[in-house]
Amino acid sequence: MSFKILTVCTGNICRSPSAEVILRARLAEAGLAAVEVDSAGTADYHIGEPPSDPAQRLASRRGYDLSALRARQVSASDFDDFDLILAMDRGHMSRLTRMQPPGSRGRLHLFLEVMPQAGPDLPDPYYGGDGDYELMLDLIEAAVPAWIARLQEDLPGPARTQGA
């Protein structure tokens with residue numbers, strides 16, 4: 001059994017690719033390497049482009065490599081291809097809720113819902129400076145362990161051990 005997670009932001013060049021790579025790294029460390037992670041954007045602004053320069057540079061300082069990623073837009077098939085779809089803010093959640101085909105299997109959640117003290121929305125660093133990107137990375141790194149704990153409770157045994 002495979003389990004798939006999709007992280008979603010606006011253009012798929014800052015928040016969602018950062019969350020994708022950090023989730024993937026932490027899942028592997030937790031023995032959940034069989035869980036697949038991808039990212040996408042609600043808008044088509046940056047399709048085919050790599051993550052923003054600040055996102056790549058600051059993630060790299062923390063040991064994460066975003067360089068191979070390319071932006072893509074959420075498609076209707078994503079709602080059946082992914083088990084868990086994590087929206088970076090309430091605007092994305094609203095858009096995803098409207099896009100979701102009836103009866104699709106993907107469960108929608110806000111990325112920061114596991115950290116109520118942080119508020120519902122992961123701030124968009126795109127128009128800000130390095131400090132905004134650092135805050136984004138801090139919040140992602142703080143939320144990921146709680147998502148992993150949820151997955152460890154919910155996933156059947158074989159999904160936990162594949163690739164470990």
Side-chain angles (χ1 to χ4, degrees), residues 2-30 32 34-47 51-52 54-55 58-59 62 64 66 69-128 131-155 159-160:
S2 73
F3 190 88
K4 295 173 72 174
I5 301 170
L6 182 68
T7 61
V8 179
C9 67
T10 305
N12 192 212
I13 61 166
C14 299
R15 292 174 284 178
S16 59
S18 298
E20 172 189 348
V21 168
I22 293 169
L23 259 170
R24 191 179 293 128
R26 297 295 178 262
L27 285 162
E29 291 169 2
L32 294 169
V35 175
E36 295 177 45
V37 186
D38 194 5
S39 61
T42 57
D44 62 359
Y45 310 139
H46 301 285
I47 292 174
S52 70
L58 296 169
R62 296 182 187 212
Y64 307 112
L66 280 63
L69 302 181
R70 295 296 177 266
R72 72 176 189 86
Q73 190 173 16
V74 173
S75 67
S77 64
D78 287 331
F79 294 95
D80 275 320
D81 292 343
F82 291 88
D83 302 284
L84 181 60
I85 300 171
L86 300 175
M88 296 296 127
D89 66 33
R90 289 170 291 181
H92 305 131
M93 180 65 109
S94 177
R95 178 100 188 255
L96 290 166
T97 300
R98 289 192 308 273
M99 291 175 65
Q100 187 170 26
S104 57
R105 74 178 183 145
R107 294 175 296 154
L108 301 177
H109 291 273
L110 281 169
F111 186 79
L112 287 182
E113 75 181 44
V114 295
M115 287 179 36
Q117 71 279 15
D121 299 331
L122 183 66
D124 186 354
Y126 186 69
Y127 293 106
D132 298 292
Y133 281 86
E134 294 287 4
L135 174 62
M136 171 197 72
L137 291 168
D138 289 344
L139 289 168
I140 292 170
E141 287 180 329
V144 163
W147 281 111
I148 291 173
R150 275 194 188 182
L151 290 173
Q152 288 171 324
E153 291 173 9
D154 295 344
L155 289 176
R160 283 198 296 268

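When a residue number appears, it is its place in the shown sequence, counting from 1.
- Evaluation of the side-chain hydrogen bond (donor to acceptor under 3.5 Å, both in side chains) rule for Q117 yields no partner, not counting sequence neighbours.
- In this structure S39 satisfies the side-chain hydrogen bond (donor to acceptor under 3.5 Å, both in side chains) test together with N12, E20, sequence neighbours excluded.
- With sequence neighbours excluded, the residues that form a side-chain hydrogen bond (donor to acceptor under 3.5 Å, both in side chains) with D89 are R15, H92.
- Without hydrogens or angle criteria, D121 side chain to P123 main chain gives no donor-acceptor distance under 3.5 Å.
- Remark: R24 does not engage E29 in a salt bridge, criterion side-chain N to carboxylate O under 4.0 Å.
- When all heavy atoms are compared, the tightest approach of A118 to L112 is CB-CD1, 4.2 Å.
- When side chains are defined from C-beta on, L137 does not count as touching L135, because their heavy atoms never get closer than 4.5 Å.
- Among L151, I85, D83, the single residue meeting the side-chain contact (heavy atoms from CB on, under 4.5 Å) criterion with I5 is L151.
- A salt bridge links R72 with D78: the closest approach of a Lys/Arg side-chain nitrogen to an acidic carboxylate oxygen falls below 4.0 angstrom.
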Please set out all donor-acceptor pairs under 3.5 angstrom arising from side-chain atoms of residues 140-149, sequence neighbours excluded.
{"unit_1": "E141", "atom_1": "OE1", "unit_2": "R62", "atom_2": "NH1", "d": "2.6"}
{"unit_1": "E141", "atom_1": "OE2", "unit_2": "Y64", "atom_2": "OH", "d": "2.7"}
{"unit_1": "W147", "atom_1": "NE1", "unit_2": "F111", "atom_2": "O", "d": "2.8"}

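- A distance-only check finds no donor-acceptor pair linking the side chain of S16 to the backbone of V8 [under 3.5 Å].
- Atom-to-atom distance recorded for M115:CE and L110:CG is 13.0 Å, nearest 0.5 angstrom.
- A distance-only check finds no donor-acceptor pair linking the side chain of D38 to the backbone of L6 [under 3.5 Å].
- Residues that satisfy the side-chain hydrogen bond (donor to acceptor under 3.5 Å, both in side chains) test with T97, not counting sequence neighbours, are absent from this structure.
- Atom-to-atom distance recorded for L96:CG and M88:CE is 10.0 Å, nearest 0.5 angstrom.
- Atom-to-atom distance recorded for F3:CZ and D154:CG is 7.0 Å, nearest 0.5 angstrom.
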Exercise. Please assess M93 against L108 for the test side chain to side chain contact (heavy atoms under 4.5 Å, CB included), listing each intermediate value before the final yes or no.
Key: CA-CA 7 Å; M93 180 65 109; L108 301 177; 3.7 Å; yes
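- We find that D81 and R105 are not joined by a salt bridge, their nearest charged nitrogen and carboxylate oxygen being 4.0 Å or further apart.
- Of all heavy-atom pairs between S104 and D80, the closest is CA-OD1, 3.2 Å.
- Here the CG atom belonging to L122 is positioned 12.5 Å from the CZ atom belonging to R90, to the nearest 0.5 angstrom.
- To the nearest 0.5 Å, the span separating CZ on R70 from CD1 on I13 amounts to 12.0 Å.
- Between Y126 and Y133, some side-chain heavy-atom pair lies under the 4.5 Å cut-off.
- With contacts defined as side-chain heavy-atom distances shorter than 4.5 Å, the pair V74/F79 qualifies.
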Dump the intermediate steps for side chain to side chain contact (heavy atoms under 4.5 Å, CB included) on K4 and L84, then the final yes or no. CA-CA 7 Å; K4 295 173 72 174; L84 181 60; over 6 Å; no
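- Put simply, the side chain of S94 never gets that close to the backbone of G91: no donor and acceptor are under 3.5 Å apart.
- Taking the side-chain contact (heavy atoms from CB on, under 4.5 Å) definition, one finds that R95 meets it with T42, Q73, R98, M99, sequence neighbours left out.
- A distance of 9.5 Å separates CG in L86 from CZ in R107, rounded to the nearest 0.5 Å.
- With hydrogens and angles ignored, the 3.5 Å screen pairs a side-chain donor or acceptor of S18 with a backbone N or O of C14.
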